[in-house]
J.: 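Supplied in structure tokens, the structure appears directly below.
Model, not experiment: these values are computed from the prediction.
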Amino acid sequence: MVHEGGPRPGAANGPAGGLAAEAWITRLDPPLHGASSGPLAGLRFAAKDNIDVAGVPTTAACPAFARTPDVHAAVVRRLLDAGASLLGKTNLDQFACGLNGTRSPYGAVPNSFDARCVSGGSSSGSAYVVATGQADFALGTDTAGSGRVPAGLNNIVGIKPSRGLVSARGVVPAAQSVDCVSIFARTVGLAARVLQTAMGFDAEDPYARQLTLATQALPARFRFGVPSAPRFFGEAFSAAAFERAIEQMRALGGAPVAVDYAPLAAAAALLYDSALVAERYAAVRDFFDGHEAEVLEPVRSILAQGRNYSAADYVDARTRLHALGQRAGAMWRDIDVLLVPTAPTHCTIAAMQADPVALNRALGEYTNFVNLLDYAAISVPSSLRADGLPFGITLIGRSGSDFQLAELGQRFHHATGLALGATGEPMPAPEALPVIAPAATARVAVVGAHLSGMPLNAQLTERGACLRAATETAPVYRLYALPGTVPPKPGLVRVAPGEGAAIAVEVWEMPLAHYGGFVALVPSPLGIGSILLADGSSVQGFLCEAAALAGAADITPHGGWRAFIASSGAIA
């Protein structure tokens with residue numbers, strides 16, 4: 001049996017019986033069951049009501065637009081075939097036009113932590129039913145941030161895939177060339193598993209693409225961009241939470257790099273302040289031209305803007321966008337991933353309804369540019385602010401980095417120790433993520449000028465190397481201070497058993513891609529060979545040619561280069 005919700009312009013904004021009825025437009029009783037087995041067997045999901053489900057009206061939150069499709073959207077079909085069961089269709093900002101969740105005749109969807117606040121949109125209902133535990137995962141859509149803002153405001157995960165990775169056939173578009181089907185879940189692991197199931201090239205989707213996905217995790221040491229002057233619209237709680245997030249990312253091995261946010265912000269502005277808005281009008285033109293009065297404000301005014309532009313205006317806007325993309329692309333020379341707040345602020349439903357354009361724009365401060373510039377993104381919970389409301393961060397990468405972002409996002413999320421969504425349930429163990437393999441690395445033992453704090457240590461760190469252990473060699477080595485080396489360097493030489501001693505070393509790990517370049521810097525008489533460690537294992541490390549020891553002082557009794565430097569007063 002299908003239970004359909006009717007328009008509820010005066011519906012209460014708070015939860016009823018603990019759960020907000022406004023989150024749903026259609027509930028299926030019983031649920032639509034998927035295959036009896038598969039990677040998603042036993043899981044329950046919901047679909048945003050601009051995504052087709054056969055035999056169920058698709059409203060896009062506009063009753064006059066409602067139509068009943070004969071076939072499932074391609075993504076719904078894939079999930080059902082994988083064993084998931086569909087619970088129903090969720091509420092949204094009308095025609096997926098908005099980032100706040102209040103622009104619907106079916107009622108404003110409240111925040112799962114505080115019913116006075118917005119849930120974020122346009123995928124408001126999908127985020128709410130996941131955050132409150134009613135569904136294991138849900139489908140949304142994302143053109144300007146609708147798959148991320150609701151995740152950030154409700155303490156859940158939102159994956160915004162690379163454009164064209166998941167079929168949008170059977171989805172009412174908001175701006176078809178940049179739309180993405182998005183995924184909400186309470187953990188990164190489940191969201192990534194759903195993405196792996198949902199993705200696949202669809203020749204019937206005009207914007208589908210066959211993408212090459214990154215299959216290696218980011219290295220142990222990585223660089224993450226942060227906006228050089230982030231804006232929080234006077235929201236001190238979120239500003240403090242973002243500073244904590246930066247420190248959390250440092251703890252995972254990241255080094256922050258300030259990036260110029262101006263080209264990203266300029267690209268974001270084009271979405272509504274240029275002829276690009278014509279694509280939103282084009283998506284529903286046939287309906288809109290005959291039923292304009294039945295569309296809510298401010299959605300009506302936004303769509304109507306699209307009539308005001310010529311084809312030449314649209315070409316000009318696309319050219320400006322490509323130019324901004326070129327400028328923004330320069331940041332990837334200095335960073336591996338971009339870190340931004342998912343949303344800079346929370347706001348109440350009452351405030352949003354009183355000032356719907358300005359406050360909605362503020363929620364999209366860090367999301368609007370992502371699809372326009374062809375990036376992938378994942379929003380993950382970061383902390384609860386001092387006022388108890390959720391704060392999320394978004395990791396952004398180049399197209400095809402979806403699972404690479406998920407790997408880092410999972411490490412970040414699990415390090416927070418947060419409960420899941422609004423359920424209070426504890427974090428489960430992390431999942432092995434699909435596609436991603438550990439980054440190929442090499443370990444190297446250093447004994448002298450490359451030790452941490454020594455003059456050549458930067459040759460390691462600038463190649464993404466990470467200190468793994470401070471240990472000793474097996475007692476079969478002697479250490480010498482090599483004369484005439486700049487900066488001063490020692491030479492490690494293996495000797496016969498009983499003639500040597502244990503020598504202090506550090507073991508560093510670096511991406512294999514950078515190892516060859518590092519080895520090329522090693523000057524004669526030093527070289528790289530196999531070093532036996534105190535625990536019996538072997539690792540690549542610095543050794544010295546015996547012929548270079550003429551005139552070299554034997555400093556073996558000091559036990560290591562650092563101790564020799566400290567005792568002798570030599571300049572390292």
J.: Does the Asp205 side chain pair with the main chain of Ala168, one donor and one acceptor, at a distance under 3.5 Å?
T.: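 Checking the backbone N and O of Ala168 against the side chain of Asp205, a donor-acceptor pair under 3.5 Å is found.
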J.: Carefully, step by step, assess Leu339 and Tyr366 under the rule side-chain contact (heavy atoms from CB on, under 4.5 Å).
T.: CA-CA 10 Å; Leu339 171 72; Tyr366 298 106; over 6 Å; no
J.: Roughly how far apart are Cys180 SG and Tyr207 OH, rounded to 0.5 Å?
T.: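 Rounded to the nearest 0.5 Å, the SG-OH separation comes to 12.5 Å.
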J.: What's the shortest heavy-atom distance between Arg103 and Gly98, and which atoms?
T.: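 Residues Arg103 and Gly98, closest heavy atoms: NH1-CA, 3.5 Å.
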J.: Any chance you could measure Leu43, atom CG, to Leu79, atom CG, to the nearest 0.5 Å?
T.: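 Going from the CG atom of Leu43 to the CG atom of Leu79 covers 10.0 Å.
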J.: Does the plane of the ring in Phe137 sit parallel, tilted or perpendicular to the ring in Phe45? Use 30° and 60° as the thresholds.
T.: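 Correct class here is parallel.
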J.: Testing the basics here: between Arg163 and Leu372, what is the closest heavy-atom pair and its distance to 0.1 Å?
T.: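 Residues Arg163 and Leu372, closest heavy atoms: NH1-O, 3.8 Å.
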J.: Step by step, work out the side chain to side chain donor-acceptor pair (under 3.5 Å) result for Tyr272 and Arg280.
T.: CA-CA 9 Å; Tyr272 291 107; Arg280 287 190 175 267; 3.2 Å; yes
J.: Between the side chain of Asn155 and the main-chain N/O of Pro381, is any donor-acceptor distance below 3.5 Å?
T.: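 It does not hold such a pair.
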J.: Kindly say whether Leu213 contributes a backbone atom to a donor-acceptor pair with the side chain of Asp402 at under 3.5 angstrom?
T.: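 Between the backbone of Leu213 and the side chain of Asp402 there is no qualifying donor-acceptor contact (under 3.5 Å).
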J.: With side chain to side chain donor-acceptor pair (under 3.5 Å) as the criterion, how do Ser182 and Asp142 come out once you've worked through the C-alpha distance, each side chain's angles and the decisive distance to 0.1 Å?
T.: CA-CA 6 Å; Ser182 63; Asp142 188 311; 5.4 Å; no
J.: Using atom types as modelled and distance alone, determine if a side-chain donor or acceptor of Arg78 lies under 3.5 Å from a backbone N or O of Ala198.
T.: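 Judged by distance alone, yes, a pair lies under 3.5 Å.
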J.: Looking at Leu153, Leu99, Asn360, which one forms a side chain to side chain contact (heavy atoms under 4.5 Å, CB included) with Val118?
T.: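 Of all the options given, the one that passes is Leu153.
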J.: So does Ala377 get a backbone contact from the side chain of Arg148, meaning a donor-acceptor N/O pair under 3.5 Å?
T.: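 Here the side-chain-to-backbone pair does not exist.
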J.: Is there a donor-acceptor contact under 3.5 Å from the side chain of His346 to the main chain of Pro390?
T.: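 Yes.
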J.: With rounding to the nearest 0.5 angstrom, report the NZ to CG distance, Lys160 to Leu165.
T.: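 The NZ atom of Lys160 sits 9.5 Å away from the CG atom of Leu165.
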J.: Mind checking the CD-CZ spacing from Glu509 to Arg221? Nearest 0.5 Å is all I need.
T.: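 Reported value, rounded in 0.5 Å steps: 11.0 Å.
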J.: Hey, what's the ring geometry for Tyr375 with Trp332, parallel, tilted or perpendicular (30° and 60° as the breaks)?
T.: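 Perpendicular, since the angle between the ring planes exceeds 60°.
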J.: Could you walk me through whether Gln134 and Leu87 pass the side-chain contact (heavy atoms from CB on, under 4.5 Å) check?
T.: CA-CA 9 Å; Gln134 298 176 72; Leu87 299 175; 5.5 Å; no
J.: Residues in side-chain contact (heavy atoms from CB on, under 4.5 Å) with Asp114, at least two apart?
T.: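 Partners of Asp114 by the side-chain contact (heavy atoms from CB on, under 4.5 Å) criterion, ordered by chain and then number, come out as Arg116, Cys117, Leu389.
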J.: Using the side chain to side chain contact (heavy atoms under 4.5 Å, CB included) definition, which of the options Thr58, Leu139, Leu92 pairs with Lys48?
T.: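 Single pass found, and it is Leu92.
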J.: Could you walk me through whether Ser119 and Asn154 pass side-chain contact (heavy atoms from CB on, under 4.5 Å), step by step?
T.: CA-CA 7 Å; Ser119 61; Asn154 286 281; 4.0 Å; yes
J.: List for me each residue that meets salt bridge (Lys or Arg N to Asp or Glu O under 4.0 Å) alongside Asp93, sequence neighbours excluded, and say none if there are none.
T.: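 With neighbours one apart ignored, the set is empty.
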J.: What are the two closest heavy atoms between Ala35 and Asp81, and how far apart are they?
T.: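 Result for this residue pair: CB-O, 3.4 Å.
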J.: Counting N and O atoms only, with roles assigned by atom type, does the side chain of Ser123 sit under 3.5 Å from a partner on the main chain of Thr141, one being a donor and the other an acceptor?
T.: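 A pair under 3.5 Å: yes.
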J.: Nearest heavy-atom pair of Ala41 and Ser36: which atoms, and what distance?
T.: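 So the two residues come closest at CB-O, 4.3 Å.
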J.: If you count every heavy atom of other residues, nucleotides or ligands that lies below 6.0 Å from Arg285 atom CZ, does the total exceed 12?
T.: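 No, CZ of Arg285 has 12 or fewer neighbouring heavy atoms, counting only those of other groups under 6.0 Å.
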J.: Which heavy atom of Ala23 sits nearest a heavy atom of Val109, and at what distance?
T.: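 In this case the closest contact between Ala23 and Val109 is CA-CG2, 4.0 Å.
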J.: Does the side chain of Arg209 reach to within under 4.5 Å of the side chain of Ser399, using non-hydrogen atoms?
T.: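 A side-chain contact under 4.5 Å exists here.
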J.: Are Leu296 and Pro105 close enough that some pair of their side-chain heavy atoms sits under 4.5 Å apart?
T.: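 Counting from C-beta outward, Leu296 and Pro105 do come under 4.5 Å.
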J.: For the pair Glu279 and Tyr314, evaluate side-chain contact (heavy atoms from CB on, under 4.5 Å) and give the outcome as yes or no after the intermediate values.
T.: CA-CA 9 Å; Glu279 192 169 359; Tyr314 184 77; 3.6 Å; yes
J.: Give, for atom CG of Leu408 and atom CZ of Arg411, the distance between the pair rounded to the nearest 0.5 Å.
T.: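 So the CG of Leu408 and the CZ of Arg411 are separated by 5.0 Å.
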J.: Quick one, Ile378 and Val157 - any side-chain contact, counting heavy atoms below 4.5 Å?
T.: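 Touching, per the 4.5 Å side-chain cut-off.
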J.: For the pair Asp336 (side chain) and Arg223 (backbone), establish whether a donor and an acceptor sit closer than 3.5 Å, ignoring hydrogens and angles.
T.: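 Yes, the answer is positive, given that a donor and an acceptor are paired below the 3.5 Å cut-off.
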J.: With no hydrogens and no angle check, do the side chains of Thr90 and Ser126 hold a donor and an acceptor under 3.5 Å apart?
T.: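 Indeed, the side chains of Thr90 and Ser126 share at least one donor-acceptor pair under 3.5 Å.
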J.: Does a side-chain heavy-atom distance below 4.5 Å link Phe224 with Leu218?
T.: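 Sidechains of Leu218 and Phe224: no contact.
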J.: Ion pair present between Asp374 and Arg398, side-chain N to carboxylate O less than 4.0 angstrom?
T.: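 So Asp374 does not pair with Arg398 through a salt bridge.
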J.: With heavy-atom distances below 4.5 Å as the criterion, would you say the side chains of Pro428 and Thr187 are in contact?
T.: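 Answer yes - side chains close enough.
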J.: Can you check whether Leu264 reaches Met331 side chain to side chain, under 4.5 Å on heavy atoms?
T.: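 They are in side-chain contact.
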J.: For the pair Glu247 and Arg244, find out whether any cationic side-chain nitrogen is under 4.0 Å from an anionic carboxylate oxygen.
T.: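 A salt bridge is absent here (no side-chain N lies under 4.0 Å from a carboxylate O).
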J.: Could you tell me whether Asp52 and Arg169 make a salt bridge, using a distance below 4.0 angstrom between a side-chain N and a carboxylate O?
T.: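 Answer for the salt bridge query: no.
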J.: Checking the side chain of Asn91 only, and the main-chain atoms of Gly107 only, is there a donor and an acceptor separated by less than 3.5 Å?
T.: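 Confirmed, Asn91 side chain pairs with Gly107 backbone.
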J.: With side chains defined as the heavy atoms from C-beta onward, is the minimum distance between Tyr106 and Pro63 less than 4.5 Å?
T.: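 With C-beta onward as the side chain, the pair touches.
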J.: Between Ala267 and Leu321, what is the shortest heavy-atom contact and its length?
T.: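 Closest approach of Ala267 to Leu321, heavy atoms only: CB-CD1, 4.0 Å.
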J.: Does any non-hydrogen side-chain atom of His291 lie less than 4.5 Å from one of Phe65?
T.: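 When only atoms from C-beta onward are counted, His291 and Phe65 do not touch, as no gap falls below 4.5 Å.
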J.: Can a donor-acceptor pair be found, under 3.5 Å and without considering hydrogens, that links the side chain of Arg193 to the backbone of Leu40?
T.: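 Pair absent, no side-chain N/O of Arg193 close to backbone of Leu40.
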J.: Nearest 0.5 angstrom please: Gln210 CD to Asp202 CG, how far?
T.: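 Between atom CD of Gln210 and atom CG of Asp202 there are 11.0 Å.
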